**Q** 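Let me begin by handing over the structure; questions about it come next.
Below, all heavy atoms of this structure are taken into account, side chains as well, without hydrogens, waters or symmetry copies. Below, read A as the first sequence line, B as the second, and so on, with proteins coming before strands; counting in each chain starts at 1. Given the structure is predicted, the values throughout are model-derived calculations rather than measurements.
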Amino acid sequence: MEQNNSELHRQIIHFYRVTKHFGGVYALCDLSFDILKNDFVFITGPSGAGKSTLIKLLYLGERMSDGYAIVDGINLSRISRQQIPMLRRRIGVIFQDFKLIANRTVFQNVALVMEVAGFKSRSLIRERVGDLLELVGLSHQADAYPPTLSGGEKQRAAVARAMVGKPKIILADEPTASLDPAASERVLQLLRAAHARGATIIITTHDRDLLSRFDARAIYLEGGRRVDAAGGEAG
Amino acid sequence: MEQNNSELHRQIIHFYRVTKHFGGVYALCDLSFDILKNDFVFITGPSGAGKSTLIKLLYLGERMSDGYAIVDGINLSRISRQQIPMLRRRIGVIFQDFKLIANRTVFQNVALVMEVAGFKSRSLIRERVGDLLELVGLSHQADAYPPTLSGGEKQRAAVARAMVGKPKIILADEPTASLDPAASERVLQLLRAAHARGATIIITTHDRDLLSRFDARAIYLEGGRRVDAAGGEAG
Amino acid sequence: MIGVFRRALGDFIRHRFFHGVCLFTIVLAVFIVSAFALFFINAGDLMAAWQRGVRITAYLEADIEKEQARAAAEAIKQYEGVDTVSYVPREEGFAWLKDQLGPHSSLLSDLKGNPLPDALEISIIRELEDGEVLDRLAEKITGRPEVADVEYARKWLHRFYGIYNLFRITAFVMAGLVFVAIMFIVANTMRLILYSRREEIEITRIIGADEEFIKYPLYLEAAMLGLLGGLGGTGLLYAGYLAVMPKFSSGGLLQFFQVRFIPPELTVFIIISSMLVGWLGCYFTIRRFLRI
Amino acid sequence: MIGVFRRALGDFIRHRFFHGVCLFTIVLAVFIVSAFALFFINAGDLMAAWQRGVRITAYLEADIEKEQARAAAEAIKQYEGVDTVSYVPREEGFAWLKDQLGPHSSLLSDLKGNPLPDALEISIIRELEDGEVLDRLAEKITGRPEVADVEYARKWLHRFYGIYNLFRITAFVMAGLVFVAIMFIVANTMRLILYSRREEIEITRIIGADEEFIKYPLYLEAAMLGLLGGLGGTGLLYAGYLAVMPKFSSGGLLQFFQVRFIPPELTVFIIISSMLVGWLGCYFTIRRFLRI
Ligand SMILES: Nc1ncnc2c1ncn2[C@@H]1O[C@H](COP(=O)(O)OP(=O)(O)OP(=O)(O)O)[C@@H](O)[C@H]1O
Ligand SMILES: Nc1ncnc2c1ncn2[C@@H]1O[C@H](COP(=O)(O)OP(=O)(O)OP(=O)(O)O)[C@@H](O)[C@H]1O
Ligand SMILES: [Mg+2]
Ligand SMILES: [Mg+2]
């Protein structure tokens, strides 16, 4: 773990020997890696490898069992309850299971992120949410409720929600799993744009296509451990 | 719509000018096609094309708005409430959103299909469910609850549930969307095995890989209408 | 059948928290109903006990022999509303009057001899509900040839019966209202249970369950929750009764009156109602969910 | 602040069914509590009205002048528990006695003259709660030099106060129990509302909401549900009161007694309690959900 000072400064995520187990099930085991500011990183591995668990640890959806982790300057094992919402507002998450609120419209789901972040101006919210729904191709569904959406539409709503707060870090858990190639391309363009804007992007996927189309770093997981088969560099 | 008698006899699904709208939204429009017994058919098209809606009409999750449809000899617009469960037991569905019951274990979720179908023997149920979980690689998760499963694990549980009743028709809505290539292959093998056993298989997907790997018929949908770009034959 | 039981039991375990909260609500609801019943039953008893003192005095004609008086007593005993009839010789009557006048009894010592006639003391059955009946009875007794005059606390008794009846009507109305309200609370609770499980029910239907497969365990659960709630609620009341009663009795307030628990039949009725209402709440809600 | 209101309102619309059922439950719960209060208040009034007749007769010494008697009356009026004191000349007393004896009044005609002394009639305040106080008062009056003897229905009154107190204690205990039970029902209802929304709450937290953002609209909703339930429940009772009362009054049972609605302060208290309890149920449940 020798790092020069400037690299330390550029780190936005630092994991050192992080373990997460649920009862006897080890979802992540002794995982160490670093992600620098404005990185574009893929996390990949077979089903059940621990990719989503890693995402959950990052936004504090779960607390890690052991190890040392820093996200955007905050030590995840020391974070106080008051700090959690602050950290989460700096992170946009596209959840694998979308996590849309069933009885709010698509518009309201997306707008909620801004309300939560303290935006008061209704017109600003309307404008930004409208723009984003336009970008993911859901303008005509703005007033639809998630249970009436198709799988791909739900996923795009989740994408819009993750991006609307202009977060520093975007965690995208299989963001194109339910999407056709054209829609996938649009979502990736959005992620690229966020990256260009300076955000750090972390994408989990098992879509080989996706990996091959990007010249990005990839972290390979298997059974909760890092196995750097190709393209990865040991943390 | 001229068909010789033997083909009529071999039809398991017959759609003629079927329309489904939700309020003003037309999810399916004037859709006609036939599927023969023991067919292996892909339904494809962009997000929001109406693929899942088509699946829903088949298992009567939604009632069609207009048109004429026969599934396994039953006229879908004339079916009585008592007949619906009977039809559903002949159909196994892998739902795009999995539809697992959150507070039942994976084993119980899969076993429920057999209980519903009237199987009384606990040991038979245990055996068949156990075998199937083994095949999809979830034996070690049999006693886990769906909310604790990874996305791919949920999908495989849904696959197991769809197959355990040995249905005549299997409707698979994006059955490999959350799966890595190896797990996908295993699921496809299961579907192929069911096909070999005599089942009719209908798979929706936008995975081009999948389509190219099979020499199967594909029905292309776009905006709820059939657009037969390639490989399809007009119903 | 066993399958239904097994599945109902499984549901109980699966939905611990929700069922727990709902059961708690039902227990409390049944507790309220039975506390109501306990109160009204005992208040009714208390008023009836008070009524025990009600009696009519029939003064006999001066020339009536003891034998004739006894015959009249026998006859009066058959009248509607009469409990017991006892013969009071004029001497006893005089002693009683003296007692009644208390400090003024010296008044009577100025009298020459005992001016009172013999009398019959007629006590009234406790179930009497109405001053009118009493009036009719008094008239009938007055009509007998042996009887010279009839005396009873007419005004006081009419007032007592007025209040007693008011109390009974109010108690009845209140008990009815509370019962209905509690029924709705239990039924609402069942609705919420079903509502919270609509997704599960939906999925079960979609994989091919017929209505019976879904309904029967739910009915059973609802009835069981009702039963447990009924047992819990009445049990809670009984525990409270056992805990509070000794203190009451030693307080001396109740020397003349024994508070009793609601009778077993009513307890059973309450418990069965609780089951029934649970089931009904389930029945009507389930129909909403089972439409396609 | 406006945001909180807007969001609470949105939640009401979004969760119509669940909120509707829960509101229904709260309305019924409040209705029961206020019906209880109505009943006990009026039963208490009724018993107090009954007690109005209670009086002590103080017979004066034979040699007491009218002036002295009036002075004594003034003095006694200051005693604890005394409502009014009136002077009854011996003539009036005799007439009253005659009246009391009814058919036996002929007894008195044998007397030479009027043997009764003058008397003071002392009526007792309605709020008196205890036979002992009455006894002490009687003793104090007896102790006065002007007073020869004191008479009152000691036994009857002790019994009345016994029952009255029993009733009051029971009413108090019952009202307390029902209140607590209803509180739990309302709180349970709130829990179920929150429980049914735990996923929504969870998602809102995950996208960065702090506790305040989640809590405040929920608190507001809970209080609003409590408020609406309180208004609905007491309103329902008032409607019932208005509907039933005219029939009662015309029935003649209540000629001597006016049934009144629960006093406004109590109504307000019930409504505020309902709000508070709704909020508390919400408060304690929400803490469970907000632990990470
Ligand atoms: N709350 C939990 N309780 C128990 N086990 C859990 C829990 N969450 C995850 N797991 C287990 O941890 C392992 C890793 O899960 P995770 O969701 O991280 O996998 P994944 O890499 O995202 O897989 P997929 O590609 O299928 O989404 C899985 O075996 C899963 O069953
Ligand atoms: N219950 C409903 N109410 C209103 N609109 C609906 C409902 N169900 C589906 N739709 C709409 O019908 C259209 C087709 O939906 P469907 O789920 O069939 O798409 P799909 O082809 O499965 O798409 P995907 O690949 O994204 O899953 C969508 O625009 C969707 O919003
Ligand atoms: Mg995952
Ligand atoms: Mg779909």
**Q** Tell me whether Arg213(B) at atom CZ has more than 12 heavy atoms from other residues, nucleotides or ligands lying less than 6.0 Å away.
**A**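 It does: Arg213(B) CZ has more than 12 such atoms within range.
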**Q** Out of Gly151(A), Ala183(A), Gly152(A), Pro181(A), which one racks up the most heavy-atom pairs below 4.5 Å with chain B?
**A** Pro181(A)
**Q** At a heavy-atom separation under 4.5 Å, does Ser52(B) approach chain A through its side chain, its backbone, both, or neither?
**A** neither
**Q** Please classify the contact of Lys51(B) with chain A as side chain, backbone, both or neither, using a heavy-atom distance under 4.5 Å.
**A** neither
**Q** In terms of heavy-atom contacts, does CZ of Arg186(A) have more than 12 from other residues, nucleotides or ligands at under 6.0 Å?
**A**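 Correct, the count exceeds 12.
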**Q** For Ser47(B), is there any backbone N or O sitting under 3.5 Å from a side-chain donor or acceptor partner on Asp180(A)?
**A** yes
**Q** Tell me, for Gln96(B) versus chain A, whether the close heavy atoms (under 4.5 Å) come from the side chain, the backbone, both or neither.
**A**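 The side chain, not the backbone.
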**Q** Enter the distance from Asp97(B):CG to Lys154(A):NZ here, rounded to the nearest 0.5 Å.
**A** 4.5 Å
**Q** Is there side-chain contact between Ser178(B) and Glu174(A), with heavy atoms separated by less than 4.5 Å?
**A** no
**Q** Check whether more than 12 heavy atoms from other residues, nucleotides or ligands sit under 6.0 Å from atom CZ of Arg192(B), and answer yes or no.
**A** yes
**Q** Look at Gly45(B), Gly48(B), Ala182(B) and state which one has the largest set of heavy-atom pairs under 4.5 Å with chain A.
**A** Gly48(B)
